[in-house]
Amino acid sequence: MSTILLVFLEFMKIGLVAVGGGPATLPYLMELTEKYDWYTMEDLTNMIAVSESTPGPLGLNMATYAGYKTLGFFGGVISTAGLVIPSIIIICLIAKFLENFNENRYVVGAFSAIRPAVWAIIAVSVYRVCKVSLFSLTDGIYTPIPKTMALCIVVFALLQVKKLQKYHPAIWLLIAVILGIVFRF
Amino acid sequence: MPPGRFPGKVNMEIYWQLFCAFFRIGGLTFGGGLAQLPMLKYELVQKYHWLEEPELLDIYAIGQCTPGIIAINTATYVGYKKKGVMGGIVATLGMVTPSLVIITLVAAALQSVIDNVWVQHAIMGIRGVVCALMLNTVLTMGKKTLKSRYAVAVAIPALIAAFFFNVTTLVIVIIAAVFGMVWHVALHDGRKGGNAE
């Protein structure tokens, strides 16, 4: 089988089985390092670090990177397409179903409880992400990273001002980059 | 054929908007699914009014419980809602393009990008802001979602299950869905029965 087809199929498989987003793709991405020499385990570790510092979801970045390593830019396009196609098909089917049944009382009932439940899940996940991002862990003790923590608190406080909420969130990211470099975060 | 389906300037514009909105979301999200929420809220709810804020939670639930990356699932879902299958594809293309370009550019110099001191300083700043944005989104979403006693009564057990017992999202969503169906239908039937008598 040609490499192009293989890259396409392997990433399509990941797109088809990884339930739960970025972190869920990791085990499958690791598996690929054992099966093929497209990228190494070290590449994957680096990629996780890079994914944090470049825009875009990890799974997507990893697919692009693996494809790029094997066949250059074209490979990146192929692997991304493989990853994305199952999502497009599945989600279009679900969206069509929900469109037809959005008046259905079972569907309405289900989503009336799903919304607050998902809010709770998001709140817990955000808490966990913030804990890892704003604190450094040494010997089991969490200590706040001073500058990052301070920036977080100040920006959060500013976001409570109605007038400031109309700006694109990217403005805050730009401010963060500038402050981070100038004040050596 | 419905009138909206004829090719024309107005029709193309919505595709272009979909592409650009998700291009920005994909290009400005640092850290995957959760970090994307503030961007989604801004572009889809505040700017284009394509969705109501609580609908973001529906999409997140669907994204978490179906295979594939949440970012892609979200793009497809919103695109489909606006313009059917083509809309889904266009929105997804917008989401994917920044990753494709950026990763291709940094792939050659991966290690030097990570080790770069400036990049590291910038990342520590970005982290702080991303946390603030996410916390703010949780707050505003909570205000809109937890308006009834019913909603609070669902959210609290879900919070406990996720926080203390690490119950997975899929399980919580399924339990909530079943509970919601039973509650909603039982309440409805109960009222109907009451009226009939």
Side-chain angles (χ1 to χ4, degrees), chain A residues 15-22 46 49 53-61 64-65 68 73 76 80 84 87-88 90-92 95 106 109-121 123-126 130 133-134 148 151-152 155-156 159 169-170 172-173 176-177 179-181 184-185, chain B residues 27-29 32-34 38-39 42 54 57-58 60-61 66-73 76-77 80 85 88 96 99-100 102-104 107 110 114 118-119 121-129 131-136 138 145 151 154-155 158-159 162-163 169 172 176-177 179-181 184:
Chain A
L16 207 54
V17 291
V19 179
N46 282 343
S53 43
T54 56
L58 172 66
L60 206 51
N61 289 351
T64 310
Y65 182 67
Y68 177 87
F73 179 72
T80 307
V84 159
S87 279
I88 293 183
I90 293 167
I91 296 297
C92 281
Y106 288 99
F111 276 99
S112 74
I114 286 175
R115 281 179 184 179
V118 166
W119 176 84
I121 294 164
V124 171
S125 315
V126 165
C130 288
S133 303
L134 303 176
T148 307
L151 183 65
C152 175
V155 171
F156 181 79
L159 283 171
W172 300 103
L173 290 177
V177 169
L179 290 179
I181 291 171
R184 299 176 179 277
F185 271 41
Chain B
L28 295 169
T29 297
L34 274 180
M39 298 291 170
Y42 181 83
L57 293 169
D58 299 354
Y60 192 84
T66 47
I69 297 172
I70 296 173
I72 297 304
N73 294 354
T76 308
Y77 187 85
Y80 181 91
V85 176
V96 163
S99 281
L100 217 52
I102 293 166
I103 296 302
T104 306
L110 206 57
I114 303 170
W118 282 31
V119 172
H121 288 320
I123 290 310
M124 292 311 278
I126 285 177
R127 270 194 199 179
V129 163
C131 286
L133 288 169
M134 287 191 301
L135 288 167
N136 186 54
V138 167
T145 312
V154 174
L159 204 68
F163 188 81
T169 306
I172 294 177
F179 171 79
M181 280 185 208
H184 206 76

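Below, chains carry the letters A, B, ... as their sequence lines are ordered, and counting in each starts from 1.
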Notebook entry, point to check: Are A:Phe156 and B:Asn136 close enough that some pair of their side-chain heavy atoms sits under 4.5 Å apart?
Noted result: yes
Checklist line | Per-residue contact mode, A:Tyr68 against chain B (heavy atom under 4.5 angstrom) | finding: side chain
Item checked: Euclidean distance, A:Ile121 CD1 relative to B:Tyr60 OH, rounded to 0.5 Å -> 8.0 Å
Margin query: Can you tell me how far apart OG (A:Ser87) and CD1 (B:Ile69) are? Round to the nearest 0.5 Å.
Written below: 7.0 Å
Note to self: A side-chain contact here means heavy atoms from C-beta on lying under 4.5 Å apart; do B:Arg127 and A:Leu134 qualify?
What the structure shows: no
Item checked: Shortest non-hydrogen contact between A:Ser133 and B:Cys131, atoms and distance -> CB-SG, 3.6 Å
Next item on the list: Would you indicate whether the side-chain heavy atoms of B:Leu28 and A:Pro169 approach each other to under 4.5 Å?
Entry: no
Next item on the list: Identify which part of A:Val17 has an atom lying under 4.5 Å from any heavy atom of chain B, answering side chain, backbone, both or neither.
Entry: backbone
Next item on the list: Search all heavy atoms of A:Ala170 against all heavy atoms of B:Met39 and return the closest pair with its distance.
Entry: N-CE, 4.1 Å
Margin query: Can you tell me which of B:Thr104, B:Leu133, B:Ile102 forms the most heavy-atom pairs within a distance under 4.5 Å of chain A?
Written below: B:Thr104
Notebook entry, point to check: For B:Val138, does its backbone N or O pair with a side-chain atom of A:Trp119 as donor and acceptor, under 3.5 Å?
Noted result: yes
Note to self: Please report the interatomic distance CG(A:Leu16) to OG1(B:Thr66), rounded to the nearest 0.5 Å.
What the structure shows: 11.0 Å
Checklist line | A:Ser112 portion near chain B, given a 4.5 angstrom heavy-atom threshold | finding: both
Check: A:Val84 versus B:Val96: any side-chain heavy-atom pair under 4.5 Å?
Finding: yes
Note to self: Heavy-atom cut-off 4.5 Å, strictly under: side chain, backbone, both or neither for A:Ile90 against chain B?
What the structure shows: side chain
Note to self: Between B:Pro38, B:Ala158, B:Ala122, who has the most heavy-atom pairs with chain A when the cutoff is under 4.5 Å?
What the structure shows: B:Ala122
Note to self: So which atom in B:Ala176 and which in A:Ala117 form the shortest heavy-atom distance, rounded to 0.1 Å?
What the structure shows: CB-CB, 3.7 Å
Note to self: Can you tell me how far apart CD1 (B:Ile126) and CG (A:Leu173) are? Round to the nearest 0.5 Å.
What the structure shows: 6.0 Å
Note to self: Tell me the closest heavy-atom pair linking B:Val129 and A:Ala176, and the distance in Å.
What the structure shows: CG2-CB, 3.4 Å
Next item on the list: Please look at B:Thr169 and chain A and tell me whether the side chain, the backbone, both or neither of the residue comes under 4.5 angstrom of a heavy atom of that chain.
Entry: both
Notebook entry, point to check: Can you tell which of B:Ala162, B:Ala151, B:Ser99, B:Ala71 has the highest number of heavy-atom pairs within less than 4.5 Å of chain A?
Noted result: B:Ser99
Notebook entry, point to check: B:Tyr42 versus chain A, heavy atoms under 4.5 Å apart: side chain, backbone, both or neither?
Noted result: side chain
Note to self: Let me confirm one number: the CD1-CD1 distance from A:Ile91 to B:Ile72, rounded to the nearest 0.5 Å.
What the structure shows: 10.5 Å
Margin query: Any side-chain to backbone donor/acceptor pair from A:Thr148 onto B:Met124? Under 3.5 Å, distance only.
Written below: yes
Next item on the list: Enter the distance from A:Ile181:CD1 to B:Trp118:CH2 here, rounded to the nearest 0.5 Å.
Entry: 6.0 Å
Item checked: Heavy-atom pair of closest approach, residues B:Leu57 and A:Arg115 -> CD1-O, 3.6 Å
Item checked: Greatest number of heavy atom pairs closer than 4.5 Å to chain B - which of A:Ala120, A:Ala110, A:Ala123 -> A:Ala110
